Amino acid sequence: MGKGLTSRADDYSAWYNEIVEKAGMAEHSGVKGCMVIKPYGFAIWENMKEILDGMFKATGHQNAYFPLFVPKSLFEAEEKNAEGFAKECAVVTHYRLKNDPENAGKLMVDPEARLEEELVVRPTSEAIIWNTYRKWIQSHRDLPLLINQWANVVRWEMRTRLFLRTAEFLWQEGHTAHATKDEAIEETEKMLEVYADFVENFMAIPVVKGIKTESERFAGAEETYCIEALMQDGKALQAGTSHFLGQNFAKAFDVKFADSTGKQEHVWATSWGVSTRLMGALIMTHSDDEGLIVPPNIAPLHVAIVPIYKEEDQLNAIKERFQPIMEELRENGISVKFDDDDQKRPGWKFSEYEMKGIPVRVAIGQRDLDQGCAEVARRDTKEKASVQLENLCEYISKLLGEIQTNLFERAKNFRSENTHEVNSFEEFKEVLNYKGGFISAHWDGTTETEEKIQELTKASIRCIPYKAKEESGHCILTGKPSTKRVLFAKAY
RNA sequence: CGGGGCGUGGCCCAGCCCGGUUAAGGCGCCUGGUUUGGGACCAGGAGAUCGCAGGUUCGAAUCCUGCCGCCCCGACCA
């Protein structure tokens, strides 16, 4: 492991890649565009998963699992969705390999083993799921149907980046069916709230809730809701989406139910998802030039204890003194590691825990032990304090809460400092070039204008915020009247 | 799909233009010792089909041809 990171100021993109690798989160695999998520990175993902899963269940959802493969005929049934994903689908055409007669020891695709119907590797699962729901839903008594699945999906991207865009990624996808339009919209909005709650309160990432414009909408959806976050380089990142699918899939897959009067109706649908991309958001929201910073609420390890000692009996004395303290911490739901690895020196461990973003580090040597205290360092501000051992558990417990709050507040301040209202296209371009960030501006509501602005500036409309002010103004490009501001940014 | 780069012990890489002893160095690893309050030091040691396949040559990591893989930049996207 090399020392240090490239600084954000020198090369933001190199900084990001180095954090991912040096913090032990993920690495490039031998497979193009695909990553290996390493134990530490996966532990963070597992925590995110566990918390979200609990939230889904608390809102009445159940988990299920649907196949990785989708027959092409099923996939193409809902045309808009199929069209939207067509360009990035991996397709299975054969089911067997055989020994290559002209190349000893090598295998070849057996031309005899072509599939009668190609299988699409799911880029999302609407097709297979709605084909299944047709069988599950007959009556209004079967509704609402609230299902989630944790799965991998494949989108054959041209250009990939660890966590932000990989050919295969992990996510959850919720797919629900409802008797009425209102109920489905309510579900769509509810799940967006769940995401916002999770991302803000656990990941400490402030988000803007809003609605996508037509061009950014999920293929096959009537309306796409999203949460948008702002990264430290001034680019926006979509952190989660929730879609109101109308009756598009119900009609494509003929999913009908008998209402209370016995009349056959198509059901109303939603889908919603967040992915391992959130790991990228985590890194780019909080981390600094020393490495990753993980908010306590999702950290796999809260406290690393580094003993400093010369003789074995000193180590043993420290260990013994810490035994009850660690028990007390664990009883309070705080995960602790006592690092007595003798192969690494304390300075090395300090740097390593900083790189991994462990929220709190405790250092304890003979000097402290004699005074009955320990040095407690917090990762977010790097402040150190000397704390009496008998108060340690209480202190750390409180400190973790403070770190969580501080990270969120810090990110929120960054966002307000980097959100600008502009009223002319000149100003728009200037702010975008010199400051970046979110730009709040009037837009005439047409796709043409949106595309033109993107073409000219590379910035797109991230969302029409829920909280958009009602005010009359003029589109920054066309000067046509507008009733509210939308949020622009360059995006990941 | 277009443009560029790279492939040499586990990792980072020198060597390649201009072919010629035993393929250099750093990190890591193993052994022993000294160390331990911000990425320790000394001594010794192990570890390489130089991406693959052909070709040129007395001789190829180095030159030629083909192939494979990955990364980066653009178009596309969560």
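Quick caveat, the model's predicted, so the values are computed rather than measured. A, B, ... follow the sequence lines: proteins, then strands. Residue 1 opens every chain.
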Fill in: Distance, rounded to the nearest Å, where A:W348 contributes CH2 and B:C41 contributes C1'
18 Å
Worksheet item: If you check the A:M158 side chain, which of B:G39, B:A75, B:U36 turns out closest?
Response: B:A75
Item to complete: Specify the residue among A:R159 and A:G365 whose closest nucleotide of RNA chain B lies further upstream toward the 5′ end.
Response: A:G365
What does the list of N/O pairs under 3.5 Å between the protein and nucleotides 68-70 of chain B look like, with a distance for each?
unit_1	atom_1	unit_2	atom_2	d
B:C70	OP1	A:K32	N	2.5

Practice prompt. Under 3.5 Å for both distances, Watson-Crick or G-U wobble, that's the pair rule; now give the dot-bracket for RNA chain B, with | marking pairs to another strand and [ ] for crossing ones.
Written response: ((((((((.[[[..)....(....]]].((((((.....)))))).....[[[[[..)....]]]]])))))))....
Worksheet, complete the sentence: note: A:L170, atom CG; B:A78, atom C1'; distance rounded to Å ~ 13 Å
Discussion item. Within the 4.0 Å heavy-atom criterion, would you say A:E157 contacts the bases, only the backbone, or no part of the nucleic acid?
Written reply: base
Item to complete: In whole angstrom, give me the gap between the P atoms of B:G10 and B:A48.
Response: 8 Å
Worksheet entry | Nearest-Å distance once atom P is located in both B:U8 and B:U62 | 14 Å
Discussion item. Under 4.0 Å, counting only non-hydrogen atoms across every strand here, what does A:T166 touch: a base, just sugar-phosphate, or nothing?
Written reply: base
Practice prompt. Name the nucleic acid region contacted by A:L164, choosing base, sugar-phosphate or nothing; use a 4.0 angstrom heavy-atom cut-off, strictly under.
Written response: base
Shorter than 3.5 Å, N or O on both sides, protein versus nucleotides 3-5 of chain B: list them out with atom names.
none

Discussion item. Need to verify one output field. Residue with the more 5' nearest nucleotide on RNA chain B, A:D342 or A:S351?
Written reply: A:D342
Discussion item. Could you walk me through whether A:E290 and A:K382 satisfy the salt bridge (Lys or Arg N to Asp or Glu O under 4.0 Å) test, starting with their C-alpha distance in whole Å, then the side-chain angles of each, then the deciding distance to 0.1 Å, before giving a yes or no?
Written reply: CA-CA 10 Å; A:E290 268 66 53; A:K382 301 217 230 22; 3.2 Å; yes
Item to complete: Assess the pair A:W45 and A:F163: is the distance between their ring centroids shorter than 6.0 Å?
Response: no
Worksheet, complete the sentence: A:F85 atom CZ is separated from B:C76 atom C1', nearest whole Å, by 13 Å
Fill in: Nucleotide B:G39, atom P - distance to NZ of A:K356 in whole Å
19 Å
